[in-house]
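When a ligand or atom number is given, it counts from 1 through the structure's own listing order.
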Amino acid sequence: MHSTDLQDIAAKVHAGERLGVEDGVRLYSSPDIHTLGELANIARERFHGRKTFYNINRHINYTNYCVLRCRFCSFCRPYPTGKAGTPNPPTSSCENSGGYELSVDEIVQRATQAAQTGATEVHIVGGLHPRLPFSYYLEMCRRIREAAPQLHIKAFTAIEIIHFSRITKPHLSIREVLEQLHEAGLGSLPGGGAEIFDDRVHSEAFKTKVGQEGWFDVHRTAHELGLFSNATMLYGHIETIEERVRHLVKLRSHQDDSLAARAAHFNCIVPLSFIPHNTELQHLAGPTGLDDLRTLAVCRLMLDNFSHVKAFWIMQTPKLAQVSLNWGVDDFDGTVVYYDITKHASHDTATRQELTVDQIQRFIYEAGGIPTERDSLYGIIQR
Ligand code: V47
């Protein structure tokens, strides 16, 4: 190995020792990017060799009406009110100044179509809708399970789960909400809504959203109930490098507890690269390619108890996600097909954002990987 300021950290990685916050900050700040990539690749190959995972999935965003106003979000729309402030509830698939909500029929139709074209997973999330009752979400899960029993339903971020518990009367606890959804067909939870676990960042960028205690409470309860989940970190806005590393250490500590004493745990970390376009923070430049690569590599090195690091190519772009396969990443996510929550400026009007299996496999082969189709819980699928 060439001369580097990272020699002591490299020694820890080779020995399989846990890294501390200071190590993470130094990895981020070092000009020696080659050593960082090499170390992350060592950790990645220790877990998976050259196996590189992807899945055939379909995202469904059921509504963009949301009661929150997070500064980093370009997706949410205010719910329309009629004259004299009376709610003017949209009907099925209504469009109103860019706002929409899908009926359960439409969601089931999309899910069924996805299953017919080979998908093994639907990833369903939406805004915090002020009117839809909890029965809408239960019915969504039940009817997808009836129509396509083989399809895994990965749905609802921790923030949505807390919203459901607040809209039920009498209030259901987080545990009761999760139990009922699980019983209706929910298979696992996606990782969204974590953002950055830090009070300063929270109050400046997403003040009205529940904080870290709420997010961890939902994932802890899910893990106790045997529901697996993912974790995320939304980076590249107003947070510092140290705040990112501390966020990862909190996830790692939660994972230690889940692995030791709970029936399920986090499957993967999904670092989400901030896309400023059309948000209140669009004066910010967003992460550069190198920041994306560093973040994915640092995630691999800090999260020694997470099996998988996923590059969500929608945000990191397919080309950079491909490069990251030698920088700690082992999962390319999936075919996606439609994605409404973020769009790069160049895709302003396109909700269709799809990669075919052939395209994903080509990216993986060229990076020296072995394309490996997986299900939502990382079981290998042989076609
Ligand atoms: O919760 C919102 C983030 C999340 C922006 O679990 C933004 O497998 C970047 O969580 N720029 C939704 N990010 C996406 C998500 C996800 C995606 C893929 C796979 C998985 C998984 C989870 O996106 C939101 C929020 O944290 N987000 N706005 C933005 N402008």
Return yes or no for this condition: an N or O of [X] is under 3.5 Å from an N or O of ligand 1.
X: Lys154; value: yes
X: Ser74; value: no
X: Thr232; value: no
X: Met315; value: no

### Query
CD of Glu45: more than 12 outside heavy atoms within 6.0 angstrom?
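Result for CD/Glu45: enclosed.
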
Among side-chain atoms of [X] and [Y], is any donor-acceptor pair under 3.5 angstrom?
X: Ser188; Y: His152; value: yes
X: His223; Y: Ser229; value: yes
X: Glu160; Y: Tyr62; value: yes

What protein heavy atom sits nearest [atom], and how far away is it?
atom: atom 11 (N) of ligand 1; answer: Ile275 N, 2.9 Å
atom: atom 6 (O) of ligand 1; answer: Gly191 N, 2.8 Å
atom: atom 25 (C) of ligand 1; answer: Glu195 OE1, 3.6 Å
atom: atom 13 (N) of ligand 1; answer: Leu234 CD1, 3.2 Å
atom: atom 29 (C) of ligand 1; answer: Thr342 CG2, 3.3 Å

Quick one: do [X] and [Y] make a salt bridge, cutoff under 4.0 Å?
X: Asp330; Y: Arg44; value: no
X: Arg220; Y: Glu224; value: no
X: Glu101; Y: Arg131; value: no
X: Arg244; Y: Asp291; value: yes

Please determine whether any non-hydrogen atom of [X] lies less than 4.0 Å from an atom of ligand 1.
X: His277; answer: no
X: Ser273; answer: yes
X: Gly193; answer: yes
X: Tyr339; answer: yes

Which atoms of ligand 1 have any heavy atom of [X] under 4.0 Å away?
X: Gly192; value: 1 (O), 10 (O)
X: Leu272; value: 3 (C), 4 (C), 10 (O), 15 (C), 23 (O), 26 (O)
X: Asn230; value: 6 (O), 8 (O), 21 (C)
X: Phe274; value: 9 (C), 11 (N), 29 (C), 30 (N)

#### Entry: Identity of the nearest option to atom 19 (C) of ligand 1, non-hydrogen atoms only, from Glu121, Arg71, His123, Gln282
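Comparing heavy atoms across Glu121, Arg71, His123, Gln282, the nearest one to atom 19 (C) of ligand 1 lies in His123.
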
### Query
Which is it for Asn61 and Tyr100 under the side chain to side chain donor-acceptor pair (under 3.5 Å) test, yes or no, and what are the steps along the way?
CA-CA 10 Å; Asn61 301 128; Tyr100 71 87; 4.9 Å; no

### Message
Can you classify the ring geometry of Phe332 versus Phe363 as parallel (below 30°), tilted (30 to 60°) or perpendicular (above 60°)?
### Response
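Rings of Phe332 and Phe363: parallel, under 30°.
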
#### Entry: Full working for side chain to side chain donor-acceptor pair (under 3.5 Å) between Ser30 and Asp5
CA-CA 7 Å; Ser30 169; Asp5 62 335; 3.0 Å; yes

